[in-house]
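Encoded as structure tokens, the structure appears first; notes follow it.
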Amino acid sequence: MTIECATASSSERKATSRAGSNIAFIKYWGVADAGEDLNIPLNNSISMTLADAHTTTTVAWDHSARLPTDTVVIDGVQLKRAPAQRIVAHLDRLRALAGVPYKARVVSNNNFPMASGIASSASGFAALTVAGAAALGLQLDATRLSALARQGSGSASRSLFGGFVEWERGWGEGESEEERRENESSVLLDTRSVARQIHDEEHWALRDIIAIVSAAAKRVSSSGGHRLAATSPFNAARTHSVGDWLKTVRRAIAARDISLLGPVLEADALAMHAVMMTSSPSLLYWQPGTLEVLHAVCAWREAGVPVYFTIDAGPNVHLICEAETAAEVEDRLHSLPAVRRVLTSGPGPGPQLLAGHLF
Ligand code: PMV
């Protein structure tokens, strides 16, 4: 799949992209390059890109050089200097690639609430990368855009593709920092650690049903958490187990087998949270409502409902089931006192460039 950046001529200054968020079945947790911002993961991860949870972003590069700084507006709120820093760093990557000094205006809207347990950094950095590159006339295929998006937010590398996606760690076991640097032709477009589509969005009508139990902002962001993974004595055990889990998840998705997929996605979510809880300092993302949903899912399964859970870096629980089970799961979730809101999405496409702009 190629993102149609080629349609943006070099005189074009503005572009708009829409990208879906994603939910990981095998998680990305922990970086191998703790001292840098390359986001090289400790293990491969596999996710489903979401159709109904997306970010739309317009990027306009100021060729007239009148704009003194980059401006970033997300969901109607202009970001101050510190919160905008990660986005400005990503705009710097795009400027370096194009060899231009222009500042940018960025306006971005999520169609889902922040703090919902849906990763806005995945869809946000994917949409920013695609729109920012297109508006500069950079002609990059989806693989190179995935490498670039990864440097903004690791999980964004997977949102460059629709359907079911695997992000390859792509940096050999035991390869030292020096060896890796020597192997790099260009750090920004080094495509060894990138995502690729394993099946498109038509392959399997799975549903991600998100049980929102708390809207409180998390105390430690996932980017901070990745740097702590190595401090957990359980980290090596989890990354060791992931090898077999990846094989099972690939097989389960290929065969559309929920009873093969489900136990593994639960095992990895629990292993990741065990690593988080035993990091130094400890990261405890769960709230009482998180446990209420986990116990309910186990009870429903014993009662014959094929539904499984996974949890990202937050308290909200993602329930994974097939489309035919979704209405029943949603009804059951609404009956739990801890659940404040339920959001559902199926698999969706990769990023698109839109003809209409946000400003
Ligand atoms: O891309 P980040 O830095 O927001 O990390 C994402 C981490 C998890 O959501 C917990 C797991 C994953 O693979 O998406």
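All values reported here derive from a predicted model rather than from experimental measurement. Whatever order the structure lists ligands and atoms in, that order sets their numbers, starting from 1. Only heavy atoms go into these numbers, but all of them, side chains included; no hydrogens, no water, no symmetry mates.
At least one N or O atom of H226, backbone or side chain, sits closer than 3.5 Å to an N or O atom of ligand 1. In terms of N/O distances under 3.5 Å, ligand 1 is not approached by K27. Distances between N or O atoms of N22 and those of ligand 1 include no value under 3.5 Å.
The shortest heavy-atom contact between T278 and S232 is OG1-OG, 2.8 Å. Of all heavy-atom pairs spanning L136 and L94, the tightest one is CD1-O, 3.6 Å.
Both the sub-6.0 Å distance and the 45° axial angle are satisfied by R105 relative to the ring of F359.
For atom 14 (O) of ligand 1, the closest non-hydrogen atom on the protein side is R158 NH2, 2.8 Å. Y28 O, 3.6 Å is the protein heavy atom nearest to atom 7 (C) of ligand 1. Regarding atom 1 (O) of ligand 1, its nearest protein heavy-atom neighbour is S155 OG, 2.6 Å. Protein heavy atom in closest approach to atom 2 (P) of ligand 1: S222 OG, 3.5 Å.
Here F125 and H90 bring their ring centres to under 6.0 angstrom of each other. When ring centroids are compared, H226 and W29 come within the 6.0 Å threshold.
Distances below 4.0 Å separate heavy atoms of G154 from the following atoms of ligand 1: 1 (O). Taking every non-hydrogen atom of A24 and a distance limit under 4.0 Å, the qualifying atoms of ligand 1 come out as 12 (C), 13 (O), 14 (O). Ligand-side atoms of ligand 1 in range of S153: 1 (O), 2 (P), 4 (O), range being under 4.0 angstrom from any heavy atom.
At least one heavy atom of S121 sits closer than 4.0 Å to an atom of ligand 1. Note on ligand 1: A313 sits in its first shell, one or more heavy atoms being nearer than 4.0 Å.
Salt-bridge annotation for R250 and E166: present, with a side-chain N of the basic residue lying under 4.0 Å from a carboxylate O of the acidic one.
Under 4.0 angstrom from ligand 1, there are no non-hydrogen atoms of S45.
For the atom pair NE2 of H334 and CD of E330, the computed distance is 6.0 Å after rounding to the nearest 0.5 Å.
For the side chain to side chain donor-acceptor pair (under 3.5 Å) test, residues two or more places apart in sequence or in another chain that qualify with D70 are R95. In this structure, E201 has no salt bridge (Lys or Arg N to Asp or Glu O under 4.0 Å) partners at least two apart in sequence or on a different chain.
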